[in-house]
Amino acid sequence: MEKPRKQLEFAVQMTCQSCVQAVEQCLKGVQGIQAVTVNLEAESVLVDTSLTAEEVQDLIESTGRLAVLKGMGSTTQKDLGAAVAMVEGVNSIHGVVRFVQLSLEKCIIEGTIDGLKPGLHGLHVHTFGDLTDSFNKCGDHFNPDGKSHGDPKDSDRHVGDLGNILADEMGKAVFRMEDDHLKVWDIIGRSIVVDEREDDLGRGRNPLSKISGNSGERLAGGIIACSAGLFQNPKKICTCDGVTLWDERERTRASSGQSLRLPQPLANL
C-alpha cells in the first residue's frame, strides 16, 4: 500500500540555474517523491512526498546547499493544520516531532529523536503543555473520550497513544506513523513525551498497563506548537533580531550543541 503523501516547502540557498538543476537532480527518481517544483527567485522548493522532512532535507543538502523547512501540508486539502514540537530531556536527549493533518481522518506523525538508549520507547501526547517537574505536570495521556490505554491500532485507546519508537544502537530514533484518531487542531498547546521503556500497549499484566502502558519514567518532551502551513511563511529575515533564516538555523544548532541535522521550525519567524 502506498504511503500517504504530504507537501513540504523548503527555503533553499540558490543563486543560479545550476543550483536549480542540482536540486532537481538530487530529488529526481527518488522513491517516495512524486513531484518537485523549484522557484529560483523565491529560493523555494516544493516537494510532494511520502518521505520524512529530514530525509528530503538531507537529499537537498547533499548538493552543498542549506535547506530549511518552511511549511507543510496536505496534497489534496489545504490548511488542515500542521504542528511541531522541539523535544528535549535528560542526558541531552533532543529532537523534533512534526504533525501534519492530511485529511479530516488522517494525521501523519514523523520525527527524529537522538540521545535515547537503544530499544523501544513509548511515545504519547499528554493533556497539558507544562514540562516542569520532570514532565510530571503535563498530565496523563490525552484521553478526551475516557477510554483505556491501548495500541494505536485499537478502537479502545487514548487519543494520545502513539505506541513505540525504536532507537538504534546509536540512540537515534527516526519514525513515521499514520493515525486516524489524532487531530492537529486538538493537540496544539499539549505536549509530546518520550518514555523510559517500551509501551506494552495495554497487553501487560501490570496494573499500569491499561493506564499508561507501564513504560516507566518520562525522559523527554516538547510543547506542541502550531507550525506554518504551505506558503504561510514568506519571511527570510527574523524581525526580532534581523538575522537571516540561514544564520538562525546555524545559530540554533550551535547553541543547542546538536550534532544531528534537524529541520528547524520557522513558526516563530
Side-chain angles (χ1 to χ4, degrees), residues 3-17 19-86 95-103 106-112 174 176 178 184-185 188 224-239 243-250 252-253 261-269:
K3 293 180 179 179
R5 305 195 314 272
K6 59 188 174 300
Q7 287 187 311
L8 302 174
E9 181 193 6
F10 289 91
V12 180
Q13 281 189 321
M14 298 181 292
T15 58
C16 63
Q17 194 60 35
C19 296
V20 173
Q21 293 172 353
V23 171
E24 289 177 335
Q25 189 63 33
C26 79
L27 300 175
K28 182 179 179 181
V30 175
Q31 186 174 2
I33 294 181
Q34 185 74 15
V36 176
T37 303
V38 181
N39 186 322
L40 175 59
E41 182 178 1
E43 292 186 278
S44 172
V45 177
L46 185 66
V47 185
D48 183 334
T49 182
S50 60
L51 301 180
T52 67
E54 184 186 17
E55 288 172 323
V56 177
Q57 184 183 16
D58 284 343
L59 287 169
I60 295 173
E61 294 199 335
S62 70
T63 68
R65 294 159 179 83
L66 292 180
V68 177
L69 181 65
K70 292 185 68 176
M72 51 189 177
S74 169
T75 59
T76 57
Q77 301 185 51
K78 305 302 181 184
D79 302 325
L80 289 179
V84 62
M86 302 304 294
V96 61
V97 181
R98 299 187 182 279
F99 306 81
V100 184
Q101 195 71 39
L102 293 187
S103 67
K106 190 176 296 295
C107 181
I108 295 293
I109 304 101
E110 62 178 47
T112 303
V174 179
R176 183 186 189 279
E178 305 166 23
V184 165
W185 50 82
I188 300 298
I224 302 169
C226 186
S227 182
L230 296 172
F231 316 118
Q232 293 178 354
N233 192 354
K235 296 182 180 179
K236 294 185 179 180
I237 297 179
C238 182
T239 56
V243 302
T244 68
L245 61 87
W246 314 113
D247 292 336
E248 181 66 20
R249 175 188 184 279
E250 295 305 310
T252 301
R253 290 177 61 198
R261 183 195 301 133
L262 294 176
Q264 299 298 327
L266 300 181
N268 296 323
L269 289 187

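Positions are given from 1 along the sequence. Here the structure is a predicted model, which is why all the values come from computation and not from measurement.
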How long is the gap from [atom1] on [X] to [atom2] on [Y], to the nearest 0.5 Å?
{"X": "L40", "Y": "Q17", "atom1": "CG", "atom2": "CD", "value": "6.5 Å"}
{"X": "S50", "Y": "K6", "atom1": "OG", "atom2": "NZ", "value": "7.0 Å"}
{"X": "Q13", "Y": "I60", "atom1": "CD", "atom2": "CD1", "value": "12.0 Å"}

Between [X] and [Y], is there a donor-acceptor pair closer than 3.5 Å when you use the side chain of the first and the backbone of the second?
{"X": "E43", "Y": "M14", "value": "yes"}
{"X": "Q101", "Y": "W185", "value": "no"}
{"X": "E61", "Y": "A67", "value": "yes"}

Residues that N39 engages under side-chain hydrogen bond (donor to acceptor under 3.5 Å, both in side chains), provided they are two or more places apart: none

Single hit among V36, T49, L51 for side-chain contact (heavy atoms from CB on, under 4.5 Å) with L27: V36

Result of checking L66, V68, V23 against V12 for side-chain contact (heavy atoms from CB on, under 4.5 Å): V23

Work out which heavy atom in [X] is nearest to a heavy atom in [Y]; give both atom names and the distance.
{"X": "R176", "Y": "P4", "result": "NH2-O, 2.6 Å"}
{"X": "V184", "Y": "A82", "result": "CG1-N, 3.8 Å"}
{"X": "A53", "Y": "F10", "result": "O-CZ, 3.7 Å"}
{"X": "T15", "Y": "C19", "result": "N-SG, 3.4 Å"}

Residue list, side-chain contact (heavy atoms from CB on, under 4.5 Å) with [X], at least two apart or on another chain:
{"X": "V174", "result": "E54, T112, K172"}
{"X": "E24", "result": "V20, V38"}
{"X": "Q25", "result": "K28"}
{"X": "A85", "result": "I192, I224"}

E55: salt bridge (Lys or Arg N to Asp or Glu O under 4.0 Å) partners, not counting sequence neighbours: none

I33 and L59: CA distance, side-chain angles, deciding distance, side chain to side chain contact (heavy atoms under 4.5 Å, CB included) verdict: CA-CA 11 Å; I33 294 181; L59 287 169; 4.1 Å; yes

Residues E178, I108; criterion side chain to side chain contact (heavy atoms under 4.5 Å, CB included); working and verdict: CA-CA 5 Å; E178 305 166 23; I108 295 293; 3.4 Å; yes

